[in-house]
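Quick caveat, the model's predicted, so the values are computed rather than measured. Reminder, nothing fancy here: chain letters follow the sequence lines and each chain counts from 1.
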There are 2 protein chains.
Amino acid sequence: MSLDLRVDRSSPVPLYFQLSQQLEAAIEHGALTPGSLLGNEIELAARLGLSRPTVRQAIQSLVDKGLLVRRRGVGTQVVHSQVKRPLELSSLYDDLEAAGQRPATKVLVNTVVPASAEVAAALGVEEGSDVHRVERLRLAHGEPMAYLCNYLPPGLIDLDTEQLETTGLYRLMRAAGITLHSARQSIGARAASAAEAERLGEDEGEGAPLLTMQRTTFDDTGRAVEFGTHTYRPSRYSFEFQLLVRS
Amino acid sequence: MSLDLRVDRSSPVPLYFQLSQQLEAAIEHGALTPGSLLGNEIELAARLGLSRPTVRQAIQSLVDKGLLVRRRGVGTQVVHSQVKRPLELSSLYDDLEAAGQRPATKVLVNTVVPASAEVAAALGVEEGSDVHRVERLRLAHGEPMAYLCNYLPPGLIDLDTEQLETTGLYRLMRAAGITLHSARQSIGARAASAAEAERLGEDEGEGAPLLTMQRTTFDDTGRAVEFGTHTYRPSRYSFEFQLLVRS
DNA sequence: AAGTGGTCTAGACCACGGT
DNA sequence: CCGTGGTCTAGACCACTTA
């Protein structure tokens with residue numbers, strides 16, 4: 001059926017990006033079915049009036065996303081997949097909002113404290129120097145879901161309690177011009193203390209299983225911009241993500 | 001210091017790959033320090049006798065890995081980082097081996113069973129059709145660390161109990177010519193049943209917190225090749241990984 | 001204004017997979 | 001053998017950052 005592809009050369013959007021978006025959309029809503037061939041690059045380039053490298057760049061970006069597979073001597077195929085989106089550095093707030101869970105946040109603490117050894121090591125600052133400390137309780141449908149304790153280096157961002165209650169920390173950082181780049185995460189589990197169980201509303205009380213996550217986030221210059229220790233109610237939350245095999 | 005870079009045109013290894021490997025090695029052992037500029041692409045291309053697109057391809061691959069950052073009008077910098085390796089589809093066996101933990105495996109069950117509704121949905125086979133079922137206990141230093149229950153579609157791979165005890169499932173699949181492509185994971189926590197606690201040697205017994213993981217793995221044609229339900233002793237294991245922000 | 005990366009072209013030859 | 005993707009070249013112009 002030949003797929004209606006076209007590029008707009010007067011647009012400021014790069015040509016390869018226009019093409020990759022259209023291909024992705026075609027895959028998304030089923031115009032390109034799993035397993036179907038994409039047709040060779042030279043023909044595709046000729047049809048669109050583009051050079052082969054430009055077409056390759058578009059296709060490669062979708063291969064990197066895991067939507068397409070290329071095989072020498074065969075061609076480029078749509079992956080056969082239940083595959084949807086790759087793992088990304090996600091915000092719990094955004095995750096909940098996307099799931100239609102109506103997230104709410106209660107800021108418990110928003111202050112400046114001297115950095116403990118652990119926090120200093122994670123953020124790359126002097127032990128005992130001032131860092132921001134924010135403790136929040138995240139609720140969904142009025143039920144506690146997670147307890148979030150975060151540390152931030154000073155002077156990076158203005159931590160307004162009201163803003164923290166209406167949006168996520170990541171969104172605030174991005175709005176402050178910080179380009180998030182990578183994060184190191186550790187996910188584990190342990191038994192709750194009596195105080196933790198109480199805080200999260202776990203009826204089981206002390207000893208109830210908790211899902212824990214520690215994360216240090218870096219901006220594009222490699223500086224640590226946030227260190228967080230989070231605990232989740234496992235009955236309410238789990239981490240779901242998609243991995244791609246690195247080639 | 002100018003960094004001793006060179007390419008071997010008689011090698012079958014692609015030029016861009018030779019270059020990216022040398023740059024990565026230079027970053028790894030500190031010849032290129034965090035924050036340092038890489039010098040402009042044109043000059044680098046001229047110095048190596050390569051074309052600019054080839055040099056760009058080398059640099060881009062390191063940008064994708066999170067080792068370099070590019071800025072228009074500024075240049076290409078080494079990321080400032082504690083950043084090491086990106087998240088990959090990992091094998092518990094390989095992880096443990098890399099950590100010097102001397103993994104051992106005890107195969108508890110290796111049989112063929114009719115697929116339950118959950119397994120059938122995950123593997124994309126008919127409910128009640130035959131699937132392989134493997135239950136293993138993974139030990140490190142002689143201590144139980146995880147209980148692994150996996151299902152595989154029939155006819156994919158020869159599941160030899162002896163091989164399963166000496167290596168990981170992923171390595172067996174790769175050796176059988178299966179190209180792993182992506183996986184969908186869910187990580188959570190819950191309380192152990194009495195039997196589970198016993199199996200993992202948790203003294204706390206029933207109610208002890210467990211770290212749980214469910215994973216469906218797909219090959220490069222998008223077919224599900226493995227579905228697993230794993231439980232880990234949280235005192236012995238946690239998931240550690242690095243995320244990159246998708247651009 | 002100068003220098004950087006971002007995009008794009010129009011070719012070329014090679015390696016691999018299937019016939 | 002032919003067709004595919006994989007790699008590579010030698011240019012070009014543009015957009016952005018910094019001084």
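- Using a cutoff of 4.0 Å between basic side-chain nitrogens and carboxylate oxygens, B:Arg136 and B:Glu165 are not scored as salt-bridged.
- More than 12 heavy atoms of other residues, nucleotides or ligands sit less than 6.0 Å from atom CD of A:Glu43.
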Open item on the list: What does the B/S/- profile of nucleotides 10-19 of chain C look like, 5' to 3', with a 4.0 Å heavy-atom cutoff to protein?
Closed with: B-B--BSS--
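- Atom CD in B:Glu41 sits roughly 11 Å away from atom P in C:dT7 (whole-Å rounding).
- Every residue two or more places apart in sequence or in another chain that forms a salt bridge (Lys or Arg N to Asp or Glu O under 4.0 Å) with B:Arg6 is listed here: B:Asp4.
- In this entry the distance linking CD of B:Gln77 with P of D:dT18 reads 10 Å, nearest Å.
- For the pair B:Arg70/B:Ile59, a side-chain contact is recorded, criterion being any heavy-atom separation below 4.5 Å from C-beta on.
- Computed from coordinates, the B:Asn40 CG to D:dT18 C1' distance equals 15 Å when rounded to whole Å.
- Residue A:Arg9 places at least one side-chain N or O closer than 4.0 Å to OP1 or OP2 of C:dT9.
- Between A:Phe241 and B:Phe241, the ring center distance clears the sub-6.0 Å criterion.
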List the atom pairs, donor and acceptor, that lie under 3.5 Å between side-chain atoms in residues 110-123 of chain B and the rest of the protein, sequence neighbours left out.
unit_1	atom_1	unit_2	atom_2	d
B:Asn110	ND2	B:Leu159	O	3.1
B:Asn110	ND2	B:Thr161	OG1	2.9
B:Ser116	OG	B:Val119	N	3.2

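- Counting heavy atoms from C-beta on, the side chains of A:Arg223 and A:Leu156 come closer than 4.5 Å.
- Side-chain atoms of A:Leu15 lie closest to C:dT9 of the nucleotides C:dT9, D:dC8, C:dG5.
- Across the protein-nucleic acid pair, B:Ile42 atom CD1 and D:dT9 atom P stand 15 Å apart, rounded to whole Å.
- Note: CG (A:Leu48) to P (C:dT7) measures 18 Å, nearest angstrom.
- One interatomic measurement links the two molecules: CD of A:Gln57 to P of C:dG5, which rounds to 16 Å at whole-angstrom precision.
- Atom pair B:Phe17:CZ and D:dT7:C1' shows a separation of 14 Å (rounding to whole Å applied).
- Nearest to the side chain of A:Tyr16, among D:dC8, D:dG5, C:dC8, sits C:dC8.
- Judged by closest nucleotide on DNA chain C, B:Thr76 is the one of B:Thr76 and A:Val13 placed further toward the 5' end.
- For the pair B:Leu38 CG and C:dT4 P, the interatomic distance rounds to 12 Å; values are reported in whole Å.
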